[in-house]
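Right, one structure below, let's go through it.
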Amino acid sequence: YLSHYAAAKNCLLVTATSNNEMVGAVAGIPLEATSPATQKPFVDNHQTLSQWFYIDEIVIAPQWRTRGLGDRLRRALEDHAKELGYRYTTFCVIHRPATHPLRPRGYVPPDEYFVARGYERLPELNLHLSWVDTGEGRATTKKMEFWYKKLKED
């Protein structure tokens with residue numbers, strides 16, 4: 001997975017450590033360097049791939065969540081994309097119904113968090129991927145929803 005990043009031009013991986021232990025990471029890559037499946041919703045909606053920077057992962061250790069670390073890592077990625085001339089950042093999240101058994105107790109949908117940081121949902125862009133979820137005996141298709149943020153004005 002990371003070897004793809006190492007080979008891609010303009011990708012970025014930022015990590016955060018505490019006491020020599022990794023507590024957070026963010027990874028981003030130009031949309032042009034992502035998989036054809038990830039690009040397809042943008043191509044189908046006549047978007048110019050070279051204007052988009054894809055936030056692939058934001059991972060924060062549980063004990064470090066709600067302390068601003070994710071925001072600092074995300075901003076580093078957005079700043080990187082903006083410096084390189086990308087107009088937008090985008091990412092996708094899995095859409096799970098409110099009754100989904102893998103939702104943790106006390107789950108709060110991330111929509112308000114994303115909106116407060118300047119992101120908007122792209123309802124016309126969806127991605128469908130298959131994998132085996134915890135507790136599943138076989139791969140099933142999951143819907144992924146895209147969000148975006150404009151980095152540069154027209």
Side-chain angles (χ1 to χ4, degrees), residues 1-96 100 102-104 106-131 133 142-154:
Y1 159 63
L2 290 178
S3 63
H4 180 71
Y5 275 81
K9 184 178 177 185
N10 295 332
C11 71
L12 181 67
L13 173 66
V14 180
T15 61
T17 60
S18 176
N19 298 322
N20 293 320
E21 181 179 327
M22 188 181 300
V23 297
V26 62
I29 190 166
L31 188 60
E32 290 178 300
T34 62
S35 70
T38 303
Q39 295 173 8
K40 185 177 183 338
F42 292 84
V43 171
D44 289 350
N45 281 277
H46 312 289
Q47 295 294 316
T48 304
L49 297 181
S50 63
Q51 296 180 346
W52 294 83
F53 194 82
Y54 182 69
I55 300 173
D56 198 13
E57 300 281 348
I58 297 179
V59 181
I60 308 296
Q63 68 273 23
W64 283 85
R65 294 178 188 158
T66 70
R67 296 170 68 178
L69 179 59
D71 283 335
R72 288 193 303 272
L73 292 172
R74 178 193 40 79
R75 279 194 306 270
L77 204 65
E78 290 171 356
D79 290 346
H80 173 75
K82 193 172 187 176
E83 287 172 16
L84 292 170
Y86 291 94
R87 284 185 71 190
Y88 311 99
T89 54
T90 188
F91 61 88
C92 61
V93 295
I94 187 170
H95 172 79
R96 294 197 191 273
H100 195 280
L102 292 180
R103 279 198 171 181
Y107 174 80
V108 177
D111 299 31
E112 286 183 28
Y113 175 87
F114 298 149
V115 169
R117 280 135 187 95
Y119 282 84
E120 296 178 44
R121 188 180 320 209
L122 288 165
E124 67 278 8
L125 291 132
N126 293 295
L127 174 63
H128 294 86
L129 297 175
S130 294
W131 67 82
D133 249 340
K142 284 82 171 174
K143 178 182 176 185
M144 307 291 289
E145 298 175 329
F146 282 96
W147 289 74
Y148 87 104
K149 181 177 185 176
K150 193 172 197 176
L151 298 175
K152 294 171 42 176
E153 293 303 318
D154 295 330

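In this text, all values refer to a predicted model and were calculated from it rather than measured experimentally.
Of the candidates Thr38, Asn45, Asn126, Phe146 forms a side-chain contact (heavy atoms from CB on, under 4.5 Å) with just one, namely Thr38. Remark: of the listed residues Tyr54, Tyr119, Tyr148, Tyr119 is the sole one forming a ring-ring contact (aromatic ring centres under 6.0 Å, His included) with Phe91.
Atom OG1 of Thr89 sits about 13.5 Å away from atom CZ of Arg117, to the nearest 0.5 Å. Here the NZ atom belonging to Lys150 is positioned 12.0 Å from the NZ atom belonging to Lys82, to the nearest 0.5 angstrom. Here the NE2-NE2 distance, from His95 to His128, works out to 9.5 Å after rounding to the nearest 0.5 Å. Put simply, SG on Cys92 and CG on Asp56 are 8.0 Å apart, with the number rounded to the nearest 0.5 Å.
Under the 3.5 Å distance criterion, the side-chain polar atoms of His4 are left unmatched by any main-chain donor or acceptor of Thr34. In this structure, the side chain of Glu78 does not engage the main chain of Leu151 through any donor-acceptor pair within 3.5 Å. Here the side chain of Glu145 pairs no donor or acceptor atom with the backbone of Pro123 at under 3.5 angstrom. Looking only at distances, a side-chain donor or acceptor of His80 sits under 3.5 Å from a matching main-chain atom of Asn10.
Nearest heavy atoms, Tyr113 versus Gly70: OH-C, 4.3 Å. Of all heavy-atom pairs between Phe53 and Gly28, the closest is CZ-C, 3.4 Å. When every heavy atom of Ala33 is checked against every heavy atom of Ala8, the shortest pair comes out as CB-CB, 4.1 Å. Across Ile60 and Gly24, no two heavy atoms sit closer than the pair CD1-CA, 4.1 Å. Across all their heavy atoms, Leu12 and Ala76 have their closest contact at CD2-O, 4.1 Å. Of all heavy-atom pairs between Pro41 and Leu125, the closest is O-CD2, 2.9 Å.
Between Val59 and Met22 there is no side-chain heavy-atom pair separated by less than 4.5 Å. A heavy-atom distance below 4.5 Å is not found between the side chains of Leu77 and Ile58. Side chains of Val23 and Leu69 form a contact here, defined as non-hydrogen atoms less than 4.5 Å apart.
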Can you list the steps and then say if Trp131 with Ile94 is a side chain to side chain contact (heavy atoms under 4.5 Å, CB included)? CA-CA 12 Å; Trp131 67 82; Ile94 187 170; 3.4 Å; yes

Walk me through it: do Gln47 and Leu31 pass the test side chain to side chain contact (heavy atoms under 4.5 Å, CB included)? CA-CA 11 Å; Gln47 295 294 316; Leu31 188 60; over 6 Å; no

Test side chain to side chain contact (heavy atoms under 4.5 Å, CB included) applied to Val14 and Arg72, step by step: CA-CA 10 Å; Val14 180; Arg72 288 193 303 272; over 6 Å; no

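We find that Arg74 and Asp71 are joined by a salt bridge, their nearest charged nitrogen and carboxylate oxygen being less than 4.0 Å apart.
Aromatic ring pairs are classed by plane angle as parallel below 30°, tilted from 30° to 60° and perpendicular above 60°; the pair Tyr88 and Trp52 is parallel.
For Glu21, the CD atom is loosely surrounded, since the number of other residues' heavy atoms within 6.0 Å does not exceed 12. Heavy-atom contacts from other residues, nucleotides or ligands closer than 6.0 Å to NZ of Lys142 number more than 12. Atom CD of Gln63 has more than 12 heavy atoms from other residues, nucleotides or ligands within 6.0 Å.
Pairs of residues two or more places apart, or lying in two chains, that qualify as salt bridge (charged side-chain N to carboxylate O under 4.0 Å, His left out) and include a residue from residues 33-55 are Lys40-Asp44.
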